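Here's the structure we're looking at; comments come further down.
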Number of protein chains: 2
Amino acid sequence: MKKYFNILRKCQLFDGIDDNDLFKMLTCLGAKVIEFDKKYTIIAEQSKATYLGIVLSGSADVVQIDYYGNRSILSKVLTSEIFAEAFACAGVQSIPISVIANEPSEIMLIDASHILHTCSNNCGFHQQLIFNLMKILANKNLEFYERIEITSKRTTREKLLTYLGLQAKRAGSNQFYIPFNRQDLADYLEVDRSGLSAEISKLRQEGVLNSRKNQFELL
Amino acid sequence: MKKYFNILRKCQLFDGIDDNDLFKMLTCLGAKVIEFDKKYTIIAEQSKATYLGIVLSGSADVVQIDYYGNRSILSKVLTSEIFAEAFACAGVQSIPISVIANEPSEIMLIDASHILHTCSNNCGFHQQLIFNLMKILANKNLEFYERIEITSKRTTREKLLTYLGLQAKRAGSNQFYIPFNRQDLADYLEVDRSGLSAEISKLRQEGVLNSRKNQFELL
DNA sequence: GAAATTCTGTTGAATTTTCAACAAAACGGA
DNA sequence: TCCGTTTTGTTGAAAATTCAACAGAATTTC
């Protein structure tokens, strides 16, 4: 477990918890680590909302697939980030999304009820974890507002430019990398992949941007 | 303040707080009540994220308007529900949405920092409020997942049917009222109003649904 | 109760997206 | 390095959306 401490220290869930307590806490929480290969399902749609997950290495996608087979990427989860906490905290019966490993990944799973309910050992860290969860959930909410700002645009061009604008702002530079390939970006923006490729080409011709693979530059 | 107690008891933020403590608590939190007429701005975009709000009477819309003037309705806030808590809890500099009164409404505003930080009076209720906020934020996250499930559909018809299906499920009946007029529904589904009207007419002709104003029946 | 305002449904044209199919490029494994 | 697989870009046709304009219905205001 100790080999993950450098990652866990960066995880917002453990803000304000000092290293000495972390190991004890993980034991008390019954945290377990599982490895997933690329494309493997970490959390399956319609399963029970028991666990929240932390990405120790690799990355994962939170996706939704409707009955026509159309895929939406709801969010990307990178190393040291947490996922599925909303379902576990809200105590839903059936999870409406899937979480899929994006590459070979090590995932820590924690039974959320162990965090939310005081344990018999009377550990003192529950309050801190609940406060951290509250912060994390508030920030996830903000991510959704951002995503809606993007996907509420009516054209592929507008969605793309809104997305790229936000990424540039985040990177603090007109040159930046995005964490998506074309199909994934299309599934995030809720548009057709081929139309997206065409739009990127057009914007390049118009001199609005440069791009090479997943590197973009706004001009 | 006491006249609002029946509403406040229904507000999730005060779950587990007993009536005797509620009044004291509201004073300690510096809660204030303000009335807003229809269409008045309760929280303005780009303002500082200081307050969270509770609807004591009436209702409000959380909206986003882009530089083309296109309006999105992100969510509807009904009596006894809470809004803007994510921005206050996450401590953002500038709020990316506006909250607009949908009818004459009484709104309670609470400075979120008074909830998140223990006060000098050393009140014992902060932990409970933070736990409640965590629950509320988790549930708001679920609402977003639902909204994305709806708006990720590519056609007006699919968006509408997905939305109506969820409403029917929620109502536990094929007959139900929706809280939107046509324009508002279009702004929630992210589609064109006239196209939405046309689609509803077509579905009625096809025998898929009945509707009269904001009452719908799925057949 | 009349007038003014708001809301809803309809229509056709212009724009845009989706879909399917294919070829070129990039990537990964043996 | 070669081969098979995956990813990306292109294209044209079909389908759907948006936009603008208008008329009738419903609602509000005075």
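Just the heavy atoms: all of them, side chains too, but no hydrogens, waters or symmetry mates, feed the values below. In this text, all values refer to a predicted model and were calculated from it rather than measured experimentally. So you know, we letter chains A, B, ... as the sequences are listed, proteins then strands, and number each from 1.
Remark: B:S201 is not in phosphate contact with C:dG9, judged by side-chain N or O atoms under 4.0 Å from OP1 or OP2. Within the 4.0 Å cut-off from OP1 or OP2 of C:dC27, at least one side-chain nitrogen or oxygen of A:K213 is found. Taking 4.0 angstrom as the limit, B:T155 places none of its side-chain polar atoms (N or O) nearer than this to OP1 or OP2 of D:dA16.
Evaluation of atom-type donor-acceptor distances gives a pair under 3.5 Å for the side chain of A:R193 against the base of D:dG9.
Comparing A:K39 and B:E190, the nucleotide of DNA chain D nearest to each residue sits closer to the 5' end for A:K39. Each of A:T156 and B:R204 has a nearest nucleotide on DNA chain C; the 5'-most of these lies closest to B:R204.
Residues B:K39 and B:D61 are not paired through a salt bridge, judged by the lack of any N-O separation under 4.0 Å between the basic side chain and the carboxylate.
Distance, A:R212 CZ to D:dT7 C1': 15 Å, rounded to whole Å. The distance between atom CG of A:N214 and atom P of D:dT8, rounded to the nearest whole Å, is 9 Å. As rounded to whole Å, 12 Å separates atom P of D:dT28 from atom CG of B:N181. Residue B:R182 contributes atom CZ, which lies 16 Å from atom P of D:dA25 at whole-angstrom precision. Separating the NZ atom of B:K153 from the C1' atom of C:dT18 is a distance of 16 Å, rounded to the nearest angstrom. Rounding to whole angstrom units, NZ of residue A:K159 and P of C:dT18 are separated by 7 Å. Rounding to whole angstrom units, CG of residue A:D192 and P of D:dA14 are separated by 17 Å. Rounding to whole angstrom units, CZ of residue A:R154 and P of C:dT17 are separated by 12 Å.
Comparing D:dT17, D:dC19, D:dT18 by their closest approach to the side chain of B:E199 singles out D:dT17.
A donor-acceptor pair is defined here as one N or O able to donate and one able to accept, closer than 3.5 Å; no such pair exists between the side chain of A:S47 and the backbone of A:I43. Within the 3.5 Å criterion, the main-chain N or O of B:E149 finds a donor-acceptor partner in the side chain of B:K153. Under a 3.5 Å cut-off, the side chain of B:N214 and the backbone N or O of B:I178 do form a donor-acceptor pair.
Judged by a 6.0 Å distance limit and a 45° cone about the ring axis, B:R170 is not positioned over the six-membered ring of B:F176.
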